[in-house]
Each structure stands twice: as structure tokens, then as C-alpha cells.
Novice: 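Let me give you the structure first, and then I'll get to my questions.
We name chains A, B, ... by the order of the sequence lines, and we start the count at 1 in each one.
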Number of protein chains: 2
Amino acid sequence: MSKYRDDQIKQFAEIFKALSNPNRLRMFLHLVTCCVPGTVGSFDAEAGVSACVGDLGRDLDIVPSTVSHHIKELHRAGLIRMERRGQKIECWVDPVILRGLARFFEEPLTT
Amino acid sequence: MSKYRDDQIKQFAEIFKALSNPNRLRMFLHLVTCCVPGTVGSFDAEAGVSACVGDLGRDLDIVPSTVSHHIKELHRAGLIRMERRGQKIECWVDPVILRGLARFFEEPLTT
DNA sequence: TCGATATTTCGACATATATCGAAATATATA
DNA sequence: TATATATTTCGATATATGTCGAAATATCGA
């Protein structure tokens with residue numbers, strides 16, 4: 001039997017659903033490789049290591065309303081944080097959840 | 001930009017799609033906690049650390065045909081291996097893909 | 001060979017999802 | 001205040017998914 005509670009399993013399933021669309025996964029990877037505070041580059045509330053919605057849609061060949069929809073899904077799953085800064089809305093990856101996902105797949109290999 | 005090729009991104013998206021259904025995720029976790037050869041218990045082609053389709057459907061409250069469907073999805077995503085042994089079909093987690101998933105979420109935190 | 005057990009295939013159906021385009025909202029700047 | 005830029009909301013549509021039940025297939029044991 002699993003070490004995870006039922007609600008935790010549902011939460012992980014939500015996370016994986018958010019990452020199950022190739023375009024959404026690309027956005028997530030874009031953020032992961034540039035915008036994880038405290039790891040790749042330091043996060044400064046002023047400077048902000050992050051990307052706005054427009055940045056994430058570039059090179060993806062989908063219209064802004066679809067980008068917005070995908071970002072909302074990533075946010076709902078708890079994968080990213082968002083904050084308005086002027087006209088733009090900045091996004092970055094929540095490092096806590098990233099660590100939790102790493103452990104999810106690591107642990108069965110080490111225990 | 002991402003370190004992953006387009007086809008790799010699509011493959012990861014397939015994997016996450018396979019794990020995006022709570023029942024399927026439960027089956028995967030069941031296998032992960034009992035049937036990863038070389039880690040949790042040793043894998044022997046004769047003895048076999050694995051679970052059959054019936055085992056995986058137990059406690060899940062879904063009919064066998066649905067279990068079969070879900071297992072096929074996990075297999076198509078490359079997450080599990082299957083082999084007939086008598087009447088039963090045994091399943092176990094591919095440790096290589098598990099390692100790949102751990103790295104997928106680890107690496108942005110360590111580079 | 002017959003019956004029991006294990007699993008898959010097939011067809012159906014209800015629900016969810018990805019995407020678009022048009023219109024609305026928020027913010028900055030001239 | 002008017003205009004430009006950034007983003008969201010809404011409605012539509014085509015496609016995918018989860019689940020079931022019935023029927024088919026595979027294997028074992030009497």
C-alpha cells in the first residue's frame with residue numbers, strides 16, 4: 001500500500017495532469033530553467049527572476065487566450081506562482097513543489 | 001530554452017498523462033512500492049517481484065476491463081513492463097524510467 | 001474436453017480538454 | 001483622456017478520456 005493519503009494522491013494526479021499537455025510542459029520547463037528562486041539565479045522581489053505570460057507564449061504558436069488558460073492550469077495545480085507587475089503578470093516556479101516532485105520519484109529508489 | 005528535444009518533451013507529457021488519473025496513479029504507486037526490480041526487493045525472473053492485473057484492481061472499485069485499460073496506458077507510456085505467467089499477467093515498474101523522472105525534477109535544483 | 005479464473009476487446013456514453021476568436025478588463029503613457 | 005500593450009473571460013467546437021457491461025480470448029486443472 002502507498003505511503004500517500006488519498007487527498008495527496010489526488011493532488012499529485014492534478015499536478016501530472018497539468019504537465020500532461022506538451023505546450024504546458026514547455027512553459028513549465030521554460031520557467032524551471034530560468035525562474036526557480038534560490039537555485040538557478042537568485043530571486044529578488046524587485047528584480048524578479050521570472051517570465052511574463054507573453055514570454056511563455058512566444059515560440060509556442062498558440063494565441064494569448066490559450067496561453068492564459070494554460071498558465072491558469074499550472075497555477076491551479078500549485079506548480080507556479082504569479083504576481084502582477086505593471087501591465088505584465090510575472091510567473092515563477094514554486095521550488096517547494098519541485099522538491100516534492102523530485103522526492104516522489106526518488107524515494108522508491110532509495111528506501 | 002529547454003535542454004530537452006521536442007520528442008522528449010512529448011514523451012514526458014505522455015508519461016504525465018498516464019499518471020494524471022488518480023486510479024492509474026494508485027496502481028503505479030502500488031507497483032512502485034513493491035515491484036521495482038533491483039531496489040525494493042530483488043527481481044528474479046522466476047520468483048518475480050510483481051503484481052498481476054487483478055491485484056492492481058483490488059481496493060480500487062473499478063471493473064476489470066477498466067483496470068486493463070489503465071494498465072495498457074501505463075505500459076504505453078513506458079512506465080511498466082508486463083509478462084504473462086500462466087493465467088496471470090505480471091507487471092512491474094521499469095526502474096530506468098523511474099530514475100529518469102527523478103532527474104527530471106532534481107536537475108533544475110542542482111545545476 | 002469442460003468449467004473456472006484471468007484478462008482483453010468492443011461499443012456506448014457522459015464528461016473533460018485544447019484551442020480559437022471576439023470582446024472585456026487592467027495598466028502605462030502620450 | 002485617448003491609445004497602445006498585456007492579459008483574461010466567454011462561447012463555441014472538435015477531440016480525447018474514464019468508465020461500464022457484454023462478449024471474446026487465454027490458460028489451468030479436473
Novice: Without decimals, in angstroms, what is the distance between Ile71(A) CD1 and dA6(D) P?
Specialist: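 Whole-Å distance recorded here is 14 Å.
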Novice: Taking five pairs at each end of the helix from dT1(C)-dA30(D) to dA30(C)-dT1(D), what angle separates the two helix axes (nearest 10°)?
Specialist: 20°
Novice: Can you list everything that forms a side chain to side chain contact (heavy atoms under 4.5 Å, CB included) with Gln87(B)? Sequence neighbours excluded, please.
Specialist: none
Novice: Checking side-chain contact (heavy atoms from CB on, under 4.5 Å) between Met27(B) and each of Leu56(B), Val32(B), Leu19(B), Asn21(B), which is the one that passes?
Specialist: Leu56(B)
Novice: What is the distance from atom CG of Leu60(A) to atom CG of Asn23(A), rounded to the nearest 0.5 Å?
Specialist: 4.5 Å
Novice: Mind calculating the distance between CG (Leu19(A)) and P (dT17(C)) to the nearest angstrom?
Specialist: 14 Å
Novice: Suppose we screen for side chain to side chain contact (heavy atoms under 4.5 Å, CB included). Which residues come up paired with Leu101(A), at least two apart in sequence or across chains?
Specialist: Phe12(A), Ile15(A), Phe16(A), Leu79(A), Phe105(B)
Novice: Sequence neighbours excluded, which residues qualify as salt bridge (charged side-chain N to carboxylate O under 4.0 Å, His left out) partners of Lys17(A)?
Specialist: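 Listed in chain order: Glu14(A).
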Novice: Would you mind listing every side chain to side chain donor-acceptor pair (under 3.5 Å) that reaches into residues 60-73 of chain A, with sequence neighbours excluded?
Specialist: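 Only Arg24(A)-His70(A), Glu73(A)-Arg76(A) qualify under side chain to side chain donor-acceptor pair (under 3.5 Å).
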Novice: Considering non-hydrogen atoms only, spot the tightest contact between Gln8(B) and Arg5(B) and give its length.
Specialist: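 Closest heavy-atom pair between Gln8(B) and Arg5(B): OE1-N, 2.9 Å.
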Novice: Take atom NZ of Lys88(B) and atom C1' of dA4(C), then tell me their distance rounded to the nearest Å.
Specialist: 14 Å
Novice: Counting primed atoms plus P, OP1 and OP2 as sugar-phosphate and everything else as base, spell out the protein contacts along nucleotides 18-30 of chain C at 4.0 Å heavy-atom distance: B, S or - for each nucleotide, 5' to 3'.
Specialist: SBBBB----BS--
Novice: Rounded to the Å, how far apart are Glu90(B) CD and dA26(D) C1'?
Specialist: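 Rounding to the nearest Å, CD of Glu90(B) and C1' of dA26(D) are 15 Å apart.
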Novice: Can you measure Arg58(A) atom CZ to dT5(D) atom P for me and round it to whole angstrom units?
Specialist: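 Checked: the CZ to P distance equals 13 Å.
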Novice: In whole angstrom, give the distance that lies between atom CG of Leu74(B) and atom P of dT7(C).
Specialist: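 Those two atoms, CG and P, are 15 Å apart.
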Novice: Could I get the full list of side chain to side chain contact (heavy atoms under 4.5 Å, CB included) partners for Arg58(A), not counting sequence neighbours?
Specialist: Asp55(A)
Novice: When you measure from every atom of DNA chain D, which of residues 4-15 of chain B have a heavy atom less than 4.0 Å away?
Specialist: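 Residues of residues 4-15 of chain B that come under 4.0 Å of DNA chain D do not exist, since none gets that close.
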Novice: May I have the distance from Met27(B) (atom CE) to dG18(D) (atom P), rounded to whole angstrom?
Specialist: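 Checked: the CE to P distance equals 11 Å.
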Novice: Could you give the CE-to-P distance, from Met82(B) to dA6(C), as a whole number of Å?
Specialist: 16 Å
Novice: Taking only residues two or more places apart in sequence or in another chain, which ones pass side chain to side chain contact (heavy atoms under 4.5 Å, CB included) with Arg103(A)?
Specialist: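 For Arg103(A) the side chain to side chain contact (heavy atoms under 4.5 Å, CB included) partners, ignoring immediate neighbours, are Arg99(A), Glu107(A).
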Novice: Between Arg85(A) and Glu83(A), does any side-chain N to carboxylate O distance fall below 4.0 Å?
Specialist: yes
Novice: Restricting to salt bridge (charged side-chain N to carboxylate O under 4.0 Å, His left out), what partner residues turn up for Asp6(A), sequence neighbours left out?
Specialist: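 Checked Asp6(A) against salt bridge (charged side-chain N to carboxylate O under 4.0 Å, His left out); matches are Lys10(A), Arg26(B).
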